Amino acid sequence: TGLGRGRQMDACFRLLREVQAQAGPGRGPDVVTFNAMIGACLECGEPARALEVYSEMVSGGVHPNGHTFSSVLRSAGLMGDAKRAMGLFQELRGWGVAADEVTYSCLIRALAEGGEWEAAFQHFQDLQAAGGRPNVVVHNSLLTACERSEQWAAALQVLRDMQSQGMEPNNITYNTVLSTLAKCKRLDVAVELFEEMKASRSPAVQPDLITYSTLLTGCDRVGRWELAMELFQEMQKKGEEADVIACNALISVLGKGGKGGMALQVFEDMKSMWMIADVVTYNTLIRALGTCGMWEEALQILQDMRDVGWRPDHYTYVAIISALGRGRQVERALALFQQAVTEGVAVDAPMYNALVAACSRSGQWHWAEREVEAMKKAGLQPTVATYMALLDGLRRGAQGDRALEVFVELRGEAIQPS
RNA sequence: CCCCACGCGACUGUUACG
């Protein structure tokens, strides 16, 4: 466990093998040993290896227990593998292990990550039907399932059910519902719920830093930067100290609102508050500036980012290429794309899409065509966004016939036109 | 033998490709 927390996976495995080598009658790795190993794999961000250890454990005749299953269910969740999670839950039954609240929260969480919100509800109801009384955490996990699958009405219903059953929702409960509403662009409902939190008599329910950040994201989704600013100030007035995540969310919403200058100001304020701007901050700011047409400033921020020692990642490149595209700076966009390749940053569809869009916006439809070809050659399937960017270029270049051909082509690739 | 202790598990926010 200690080695796992210290991200020393290899050392964990060496230790496990050592224990196995010294195994004798009544001596050797037991459930707890294996559970600790599985937990260490999770700690190190290796859910697949966690599942391998589990297989090794059961094939070695060691009986898994409840802890084992919660960990392997979490592993399946991290891999977004709902099927596997359901299979593991069956295995738990086969071993005669009792499923408790932790087991259910992990199972529901795994189903959530796999997008299987209906299955999550099904298991939740099974638990209730079996006479179980899911606790707050299990409810919150179910809400996470709603959040991931963007089921805001279901999420609200879960909250109301909790209240009518006399179960005390906590901040996490409210924040998860708010996040669902934000994702579904229901800021109106979110604000109502926020008011409900403020009016709550429960000490466990009071808007916190996460509540405010969630609302900022909600504002971002619907382009309400003024409200976002108000909320941010209200938060500070209440003594909640803004963190990097909240500032990043604020920068994002300001960018979408066309307030590049204000976004830059937030960035400056962060520095004066000794806050460490992280990679997300830089990426968000670059995107914000790009959205506002401020590509020169965006390039400057990219430089600053490097100067302070951050490595641009693929979000950075997508943001900067798209910023340059908006500024009709194709050559620069192409150069930066090349740089991404040189630096070993994974080139994916979004990056090509931004590049194709940059070509198109600059009126270089034949370059756009060339990049789409390059994309295919790289083994990447063009997406709707790719075709939209390409069609935009053909439209600008008055290439009607070619546009029709491309349209037929995309239909043939079973791409759903918007 | 009993009691106790120790070791393993769960929930919320930030950068969406056109």
Side-chain angles (χ1 to χ4, degrees), chain A residues 1-2 4 30-40 42-43 64-75 77 100-110 112 135-145 147 170-180 182-183 208-218 220-221 243-253 255-256 278-288 313-316 318-319 321-322 325-326 348-358 360-361 368 382-393 418:
Chain A
T1 303
D30 63 358
V31 218
V32 176
T33 317
F34 277 107
N35 288 352
M37 188 66 231
I38 293 170
L42 276 174
E43 203 68 58
N65 62 17
H67 289 250
T68 317
F69 282 104
S70 55
S71 296
V72 290
L73 284 168
R74 253 194 94 204
S75 307
D100 64 6
E101 288 159 324
V102 179
T103 319
Y104 272 97
S105 64
C106 293
L107 171 65
I108 290 172
R109 176 60 191 267
N135 65 10
V136 185
V137 177
V138 175
H139 279 89
N140 291 347
S141 303
L142 188 61
L143 288 170
T144 301
E147 199 265 357
N170 58 23
N171 262 5
I172 297 183
T173 314
Y174 274 92
N175 291 344
T176 310
V177 179
L178 285 174
S179 177
T180 312
K183 217 174 195 179
D208 59 14
L209 178 58
I210 295 186
T211 312
Y212 281 100
S213 321
T214 306
L215 286 168
L216 293 182
T217 304
D220 184 90
R221 298 287 178 262
D243 66 357
V244 197
I245 295 184
C247 291
N248 293 349
L250 185 61
I251 290 173
S252 177
V253 65
K256 287 219 183 69
D278 62 10
V279 181
V280 176
T281 311
Y282 284 97
N283 293 349
T284 308
L285 184 57
I286 289 170
R287 168 151 298 283
D313 63 12
H314 106 252
Y315 281 96
T316 318
V318 173
I321 290 167
S322 140
R326 281 180 196 280
D348 59 357
M351 220 154 113
Y352 266 108
N353 294 347
L355 188 62
V356 173
S360 290
R361 282 175 181 273
T383 67
V384 225
T386 317
Y387 284 111
M388 288 175 100
L390 177 58
L391 286 170
D392 180 51
S418 64

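Letters A, B, ... are given to chains in the order of the sequence lines, protein chains preceding strands, and every chain is numbered from 1. Just so it is clear, the model here is predicted, and its values are computed rather than measured.
Counting any heavy atom pair closer than 4.0 Å across all strands shown, A/Asn170 reaches no nucleic acid atom. If you check every strand for non-hydrogen atoms under 4.0 Å, A/Gly66 touches a base. Base contact: A/Leu209 has a heavy atom under 4.0 Å from a base atom. Within the 4.0 angstrom heavy-atom criterion, only backbone atoms of the sugar-phosphate kind lie near A/Ala357; the bases stay farther away. A/Thr176 comes within 4.0 angstrom of the backbone, heavy atoms only, and of no base. Looking at heavy-atom distances under 4.0 Å, A/Val280 makes contact with a base. Heavy atoms of A/Thr316 sit nowhere under 4.0 angstrom from any nucleic acid atom. Nucleic acid contact for A/Ser105: base, since at least one base atom lies under 4.0 Å from a heavy atom of the residue. Nucleic acid contact class of A/Lys183 (heavy atoms, under 4.0 Å, all strands): none. When heavy atoms are screened at a 4.0 angstrom cut-off, A/Ala385 is found touching base atoms of the nucleic acid.
The side chain of A/Pro350 sits closest to B/rC17 out of B/rC17, B/rG13, B/rU12. With B/rC17, B/rA10, B/rC11 as the candidates, the nucleotide lying closest to the side chain of A/Ile172 is B/rC11. Comparing B/rG13, B/rG7, B/rU15 by their closest approach to the side chain of A/Ser179 singles out B/rG13. In this structure, the nucleotide among B/rU15, B/rA10, B/rC8 sitting nearest to the side chain of A/Ser252 is B/rU15. Among B/rC17, B/rU12, B/rG9, the nucleotide with an atom closest to any side-chain atom of A/Val318 is B/rC17. Looking at the side chain of A/Asn35, the nearest of the listed nucleotides B/rU15, B/rC8, B/rG9 is B/rC8. The side chain of A/Ala36 lies closest to B/rC8 when the candidates are B/rG13, B/rC8, B/rG9. Distances were taken from every side-chain heavy atom of A/Asp30 (C-beta onward) to each of B/rC11, B/rG7, B/rU15; the shortest belongs to B/rG7. Picking from B/rA10, B/rU15, B/rG9 the nucleotide with the shortest atom distance to the side chain of A/Asn283 gives B/rU15.
Judged by distance alone, the side chains of A/Thr214 and A/Thr217 never bring a donor and an acceptor atom under 3.5 Å apart. For the residue pair A/Thr211/A/Asn171, the side-chain donor-acceptor check at 3.5 Å is not satisfied. A/Glu147 and A/Ser179 are linked by a side-chain donor-acceptor pair at a separation below 3.5 angstrom, with hydrogens and angles left out of the test.
No hydrogens or angles were tested; on distance alone, a donor-acceptor pair under 3.5 Å links the side chain of A/Asn135 to the base of B/rA10. For A/Asp100 against B/rG9, a side-chain-to-base donor-acceptor contact under 3.5 Å is present. In terms of polar N and O atoms assigned as donor or acceptor, the side chain of A/Asp243 comes within less than 3.5 Å of the base of B/rG13 in a complementary pairing. With hydrogens and angles ignored, no donor-acceptor pair under 3.5 angstrom links the side chain of A/Thr214 to the base of B/rG13.
Phosphate contact (OP1/OP2 of B/rC17, side-chain N/O of A/Arg361, threshold under 4.0 Å): absent. In this model, the phosphate group of B/rC17 is approached by a side-chain N or O of A/Arg287 to a distance below 4.0 Å at OP1 or OP2. OP1 or OP2 of B/rC11 has at least one side-chain nitrogen or oxygen of A/Arg109 nearer than 4.0 Å.
Atoms CG and CD1, from A/Leu216 and A/Ile245 in turn, are 11.5 Å apart once rounded to the nearest 0.5 Å.
Remark: C1' of B/rC11 and CG of A/Leu178 are 15 Å apart, rounded to the nearest angstrom. One interatomic measurement links the two molecules: CD1 of A/Ile108 to P of B/rU12, which rounds to 13 Å at whole-angstrom precision. For A/Tyr212 and B/rU14, the OH to P distance is 18 Å, given to the nearest whole Å. Atom-to-atom, CD1 of A/Ile245 to P of B/rU14 comes out at 8 Å; the value is rounded to the nearest Å. The distance between atom NE2 of A/His139 and atom P of B/rU12, rounded to the nearest whole Å, is 16 Å. Atom C1' of nucleotide B/rU12 and atom CG of A/Asp208 are separated by 8 Å, given to the nearest angstrom. Rounded to whole Å, atom C1' of B/rU15 lies 14 Å from atom CG of A/Leu216. Distance CG (A/Leu215) to C1' (B/rU12): 12 Å, rounded to an integer number of Å.
Looking at A/Ser360, its side chain never comes within 3.5 Å of a backbone N or O of A/Ala357 through a donor-acceptor pair.
Across every non-hydrogen atom of A/Val356 and A/Thr386, the tightest pair is CG1-O, 4.2 Å.
Of the residues listed (A/Asp220, A/Thr281, A/Asn283), the one engaging A/Ser252 in a side-chain hydrogen bond (donor to acceptor under 3.5 Å, both in side chains) is A/Asp220, and it is the only one. Of the candidates A/Val138, A/Leu142, A/Leu143, A/Asn140 forms a side-chain contact (heavy atoms from CB on, under 4.5 Å) with just one, namely A/Leu143.
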